[in-house]
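Residue numbers begin at 1 in each chain, while the letters A, B, ... track the order of the sequences.
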2 protein chains.
Amino acid sequence: MSQFLIRKLEHYARLSAGEKESLETLTQLRTRRVRPRDDIIHEGDAPTLINVVLEGWACRYKTLEDGRRQIIAYLLPGDVCDLSAPILREMDHSIAAITSVTLAEITVEAVGHLFAASPRLMQALCWDALATASIQREWTVNVGQRTAFERLGHLLCELFVRQRLLGLTRGGVCDLPLTQAEIADTIGLSVVHVNRTLQDLRSAGLISLGGRELTIHRLEALQRAVLFNANYLHLGHEGRHLDAPVPASS
Amino acid sequence: MSQFLIRKLEHYARLSAGEKESLETLTQLRTRRVRPRDDIIHEGDAPTLINVVLEGWACRYKTLEDGRRQIIAYLLPGDVCDLSAPILREMDHSIAAITSVTLAEITVEAVGHLFAASPRLMQALCWDALATASIQREWTVNVGQRTAFERLGHLLCELFVRQRLLGLTRGGVCDLPLTQAEIADTIGLSVVHVNRTLQDLRSAGLISLGGRELTIHRLEALQRAVLFNANYLHLGHEGRHLDAPVPASS
DNA sequence: CGAGCGCTTGAGTTCCCTCAATGGTAGTGG
DNA sequence: CCACTACCATTGAGGGAACTCAAGCGCTCG
């Protein structure tokens, strides 16, 4: 079930069979299911366990006192909710399930042992955390500088590419279990305007969207149209230098 | 000269005299000056040294192909530019000096030794990195959800509070060496609109701004007006559990 | 003293928002 | 099986926030 986490980390550095097995075991010990729209962790909590998404979509979000809500990240299978829990005590934002979500719950101690046993695994997870931070920066750029059309297209590109990485796309098609209201809260637009901007993207022949499924007809063209540059996802296997030695058999 | 870094880290956890001395030494070994507007690190670089701001203001920024620029963070004295350099190879954004900046340049190895000798120092710096990530999330909320008035007020609040933390404020007054164009690129507004929104803040009696100096007349009122909640800065000394033992003399 | 830069102001326009109403679909219960 | 509800997507109309363009003013600096 932690195939997605492993698959993602392998984009950073090659892991040894033992490391993969450790991850596999660790994420199977204890799991939890969360229903759509329920909170996984709430702002102000001091989580004692580290949560990893095994299945389903979740989001980080913050709300202002008057109810305005901003979604600040999407968590896909393989994403870690709160590796920082042992250091920063209090959550400064909430995490909610979007679809039904299956989580692995891992103790801080178990992660400590894992890291002690395999520094490479620690580095791979640090890498992942840094890539996450990079995504956050790109989102600031997205809402700060891009037009509605570009913002929306950029978000769709990102979600498609991230899923492709996990092997969750089927040709140019991928899941998109978001309502237009959630998209609106993500890119800082009103629902009405998201709806109209989606129509613009559709009539430009770039995408189809409906029934929780997104089709990107011409990824290259979409990327150019919305100034999407995947560098910020750090997927170029730049972490080669961390690779585990290749077994003699291969 | 690394007084600011130490001062900041002490908001997270109490450091021992030896730890402070190590930091002091490390940041004095090799320094570098950068002129206003010059790049400190450029996107695509693979930095070999870790830079710490000792003096002056800098900013992280990203530019789109067509020239639009988004400032994604401000670096004040004591801020670390790129602790992640040893892990993520390539910079996905640039860092530029705003004022004259003095940097400490530290080798990756030296930091490695420091962390090995003092796990608490490593944790404190991790804490700092996590607080930085939290600021980034709040900025996404800022540009995504807040009105121009709130965005601008929120930014000013943050810069004031962060400087106060470093002992860089004088009553309700602090430095603000930013042009309106830089502010515009930070909060995703046009220069003209920043100018008009500043006037709104002034005529509301909340601030004075001019000559690179910001005065906040009623911080409480400003915080309320722009929905500023300092939690996201993680300054509540939540890191008590990491404290060094208090010397017997105190 | 001219040049450059940053701040300010006015006028007109565009993008995006709010309000309001409608239709489709899925789930619920009688 | 069909009302009933809730939620989501969609559309129209009108308004307001923020943008662009353009010009003028006051610094500072070579």
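Atom CZ of A/R32 is surrounded by more than 12 heavy atoms from other residues, nucleotides or ligands within 6.0 Å.
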| field | B/L64/A/Q145 under side chain to side chain contact (heavy atoms under 4.5 Å, CB included): CA gap, chis, key distance, verdict | value | CA-CA 9 Å; B/L64 301 184; A/Q145 294 301 320; 4.2 Å; yes
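Here the C1' atom of nucleotide D/dC7 and the CG atom of A/N195 are 15 Å apart, to the nearest Å. What separates CG of A/L178 from C1' of D/dC7 is a distance of 16 Å, to the nearest Å. Straight-line distance from the CD atom of A/E182 to the P atom of D/dC7: 13 Å, rounded to whole Å.
Using a 4.0 Å cut-off, some side-chain N or O of A/R202 falls inside it from OP1 or OP2 of D/dT10.
For B/N229, the side chain to side chain contact (heavy atoms under 4.5 Å, CB included) test picks out B/N231, with sequence neighbours left out.
Classification of B/R68 and A/E150 as a salt-bridged pair holds, one side-chain N sitting under 4.0 Å from a carboxylate O.
Rounded to the nearest 0.5 angstrom, A/D39 CG and A/D45 CG are separated by 8.5 Å. Distance CD1/A/I71 to OG1/A/T186: 3.5 Å, rounded to 0.5 Å.
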What N/O pairs connect the protein and nucleotides 15-24 of chain D at under 3.5 Å? Give each pair on its own line.
unit_1, atom_1, unit_2, atom_2, d
D/dA18, OP1, B/A148, N, 3.3
D/dA18, OP2, B/H193, NE2, 3.1
D/dA18, O5', B/H193, NE2, 3.4
D/dC19, OP1, B/S190, N, 2.9
D/dC19, OP2, B/S190, N, 3.0
D/dC19, OP2, B/S190, OG, 2.8

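Between the side chains of B/E158 and B/Y232, at least one donor-acceptor pair of N or O atoms lies under 3.5 Å.
Exactly one residue among A/V173, A/I216, A/L222 makes a side chain to side chain contact (heavy atoms under 4.5 Å, CB included) with A/F160. That residue is A/I216.
The nucleotide range of DNA chain C contacted by chain B, defined by atoms under 4.0 angstrom from heavy atoms of the protein and reported 5' to 3', is C/dG6 to C/dA11.
Using a 4.0 Å heavy-atom criterion, one finds that A/R212 contacts no nucleic acid atom at all.
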